[in-house]
*Asks:* 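The following block contains the structure, expressed as structure tokens.
Numbers restart at 1 for each chain; the letters A, B, ... are given by sequence-line order, proteins then strands.
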Amino acid sequence: MLKKEILRKKSDFDAIYRAGRSVPDKYVVLFLRKNDLPYSRTAFLASKKVGNSVQRNRAKRLMRESYRLNEDKFSAGYDIIFIARNTINGRKLKDVEKSMMNAAARGKVTGR
RNA sequence: UGGGUAAGACAGACAAUCGCGCGCCGCGCAUGCGGUGUGAGGAAAGUCCGGGCUCCGCAGGGCGAGGAUGCCGGAUAACGUCCGGCGUAGGUAACUAUAGGGAAAGUGCAACAGAAACAUACCGCCGCUUCAAGCGGUAAGGGUGAAAUCGUGAGGUAAGAGCUCACGGGGGCCCAUGGUAACAUGGGUCUCGUGUAAACCCCAUCCGGAGCAAGACCAAAUGGGCGUACGGCGCAUGCCGGGCAGUUGCCCGCUGCCGCCCGGAGGUAGGUCGCUGGAGCAUGCCGGCAACGGUAUGUCGAGAUAGAUGAUUGUCAGAUACAGAACCCGGCUUACGUCUUGCCCGGGUC
RNA sequence: GCCGGCGUGGCGGAAUAGGCAGACGCCCGGGACUUAAAAUCCCGUGGGUAGUAAUACCCGUACCGGUUCGACCCCGGUCGCCGGUA
């Protein structure tokens, strides 16, 4: 994942939360918005509700890995925020991956 | 074999495939690509103490305020930490805990109860005047309280009282012995009424403040400010003049602009440094009961910036709790899985 | 990451140089008034045990210890919540 593909500006986050759509699922919630760029940008978040720093780190890693394994299935040109829910604790990669793809399909960002 | 107690170790390993941060090498204008090396903890946590480092303040020194610490000796860069002792408390024991200076320097407080809480006489007892009652003596007995004039026995007395004596207990002072010391043991002598300083306070020692979001450097776009280049009138939209450009070359007229550009400053977004080689780690030897110190040899073990260690499968008998570096060290405290060893108490067997 | 503050019944909030915890207001429950309700007035209101009851005892100030005769208060530690800081 290249550096330019990581969301980091507060203005970008605000734009996505304000103008984007949200798609909840069992373990993750997606916020997404078209960005008019030839590539997609992503961010992986886990709030303090998820748990301590070890649990938050693991949640983000599982989401990042799920996205990496399925990156080719996503359409380009979207800003996507992946947010972990506290139900993610103790889950395996396969569960998270399934939940993410489920949400992505309902958000209509897969295809191609 | 059951229970207890103390000390210590580890924190899954290996293989395969996919993937991540950083360093180095090669290729490439570059985004990058390939190779190779390396990559979280014993608590990384809480932020409770102590230092380094940085900025601010400060001539040097002293006094004061405020805060911290508080048996003795040692260790250390320093500490409220650690080690070895002493006293006290708990435990059958191994062992553990300990903010443990000063209450005859002063002040405050001690609710309720009780006569009285720092000086005191309610009941009682004794004596006298005397019917009750009053006056005086008394601290043995009763009663209150967390706390009330040392305990037991004898003498003594009107009744009593350390008033006197014996034994015991506490405290002050002096002496001797052991110990660097705290202190311990023994003797002599004096005297027998509080508690609280994690209440104010006194004494001794220590402390300037803020923190890596400290701080240093580079620095875009847009807007604004300054300098240079444009004058006058008007509060101002504006008006007059001047300059430049366009309108075919020139003049008038008309239109547009009053700058573009340049210089330097500030410093936002962003970036670079600070950023990891240090009171470092490992092993051996020497000194010390120990904490620790000295010395020799070897060695370099994260440095991210939305934040890098993950996923899947297999094997090992089985398998992981608490938990993720964010400037760096020394401690303390708290959370927590497994294993080893010493010691203590009890039970069984020989 | 760093720096501060707070924690008391169901709720908001008192109690403070240590001495009867829960004042006061709201909510809630019961009663009066009313045809019924609202408003108003009166009473009750932390938990447990024993008791027919009056009442008695024990535990309760986020949690765990310490100092003290005695702790919401003083001291140490833990947990949770809130705020500030680029």
*Asks:* Take atom CD of A/E71 and atom P of B/C18, then tell me their distance rounded to the nearest Å.
*Replies:* 17 Å

*Asks:* Can you figure out which of B/G324, B/G310, B/G307 approaches the side chain of A/I6 most closely?
*Replies:* B/G307

*Asks:* Taking the chi torsion of B/G224, is it syn (within 90° of 0) or anti (everything else)?
*Replies:* anti

*Asks:* Which is more 5' along RNA chain B, the nucleotide nearest A/K60 or the one nearest A/K94? Just name the residue.
*Replies:* A/K60

*Asks:* Which way is the base of B/G42 turned, syn or anti, if we draw the line at 90° from 0?
*Replies:* syn

*Asks:* Can you tell me how far C1' of B/C20 sits from CG of A/N57, to the nearest Å?
*Replies:* 13 Å

*Asks:* Indicate whether OP1 or OP2 belonging to B/G307 is found under 4.0 Å from a side-chain N or O atom of A/R64.
*Replies:* yes

*Asks:* Searching all strands shown, indicate the nucleotide that pairs with C/G44 (Watson-Crick or G-U wobble; both distances under 3.5 Å).
*Replies:* C/C28

*Asks:* Determine whether any donor atom in the side chain of A/E65 lies under 3.5 Å from an acceptor atom in the base of B/G310, or the reverse, and answer yes or no.
*Replies:* yes

*Asks:* For B/U164, which nucleotide is its Watson-Crick or G-U wobble mate, given both distances must be under 3.5 Å?
*Replies:* B/A154

*Asks:* Closest approach to the side chain of A/L62, judged atom by atom: which nucleotide of B/A306, B/C18, B/A311 is it?
*Replies:* B/A311

*Asks:* Minimum heavy-atom separation for A/S66 to A/L93, with atom names?
*Replies:* OG-CD1, 3.5 Å

*Asks:* Considering Watson-Crick and G-U wobble pairs with both distances under 3.5 Å, what does B/C281 pair with?
*Replies:* B/G298

*Asks:* For B/U247, give its Watson-Crick or G-U wobble partner with both distances under 3.5 Å, or none.
*Replies:* B/G253

*Asks:* Are A/D25 and A/R85 close enough for a salt bridge, meaning some N to O gap below 4.0 Å?
*Replies:* no

*Asks:* Which one, B/A308, B/U312, B/G19, comes nearest to the side chain of A/R61?
*Replies:* B/A308

*Asks:* Taking the ring centre of each residue, are A/F82 and A/F31 less than 6.0 Å apart?
*Replies:* no

*Asks:* Checking understanding here: a glycosidic angle within 90° of 0 is syn, the rest anti, so what is B/G301?
*Replies:* syn

*Asks:* To the nearest 0.5 Å, what is the distance between CG (A/N52) and CZ (A/R58)?
*Replies:* 12.5 Å

*Asks:* Provide, to the nearest angstrom, the distance between the CD atom belonging to A/E5 and the C1' atom belonging to B/A308.
*Replies:* 17 Å

*Asks:* In Watson-Crick or G-U wobble terms, both distances under 3.5 Å, what is the partner of B/C128?
*Replies:* B/G134

*Asks:* For B/U228, give its Watson-Crick or G-U wobble partner with both distances under 3.5 Å, or none.
*Replies:* none

*Asks:* Whether the side chain of A/R21 engages the backbone of A/G107 through a donor-acceptor N/O pair (distance < 3.5 Å, no angle test) should be reported.
*Replies:* yes

*Asks:* Ignoring hydrogens and angles, does a donor from either the side chain of A/R56 or the base of B/G307 sit under 3.5 Å from an acceptor on the other?
*Replies:* no

*Asks:* Need one value for A/N52: base, sugar-phosphate or nothing, where a base atom within 4.0 Å counts as base even if backbone is also close, heavy atoms only.
*Replies:* sugar-phosphate

*Asks:* Tell me: CZ of A/R91 to P of B/U312, nearest whole Å?
*Replies:* 14 Å

*Asks:* Of the non-hydrogen atoms in A/N89 and A/V50, which two are nearest, and what is the gap between them?
*Replies:* ND2-O, 2.7 Å

*Asks:* Mind telling me if B/A40 is syn or anti? Syn here is a glycosidic angle within 90° of 0.
*Replies:* syn

*Asks:* With sugar-phosphate meaning primed atoms plus P, OP1 and OP2, does A/L7 contact a base, only sugar-phosphate, or nothing at under 4.0 Å between heavy atoms?
*Replies:* sugar-phosphate

*Asks:* Partner lookup for B/A103, please. Criteria are Watson-Crick or G-U wobble with both distances under 3.5 angstrom; report none if nothing qualifies.
*Replies:* none

*Asks:* What is the pairing partner of B/U320, taking Watson-Crick or G-U wobble pairs with both distances under 3.5 Å in any strand?
*Replies:* none

*Asks:* Where each residue is assigned the nucleotide of RNA chain B containing its nearest heavy atom, which of A/L69 and A/F13 is assigned the position nearer the 5′ end?
*Replies:* A/L69

*Asks:* Answer with yes or no whether the hydrophobic clustering places A/L7 together with A/Y17; edges join I, L, V, M, F, W, Y residues whose side-chain heavy atoms lie under 4.5 Å apart.
*Replies:* yes

*Asks:* From the options B/C18, B/A311, B/A308, select the nucleotide whose nearest atom is closest to the side chain of A/L93.
*Replies:* B/A311

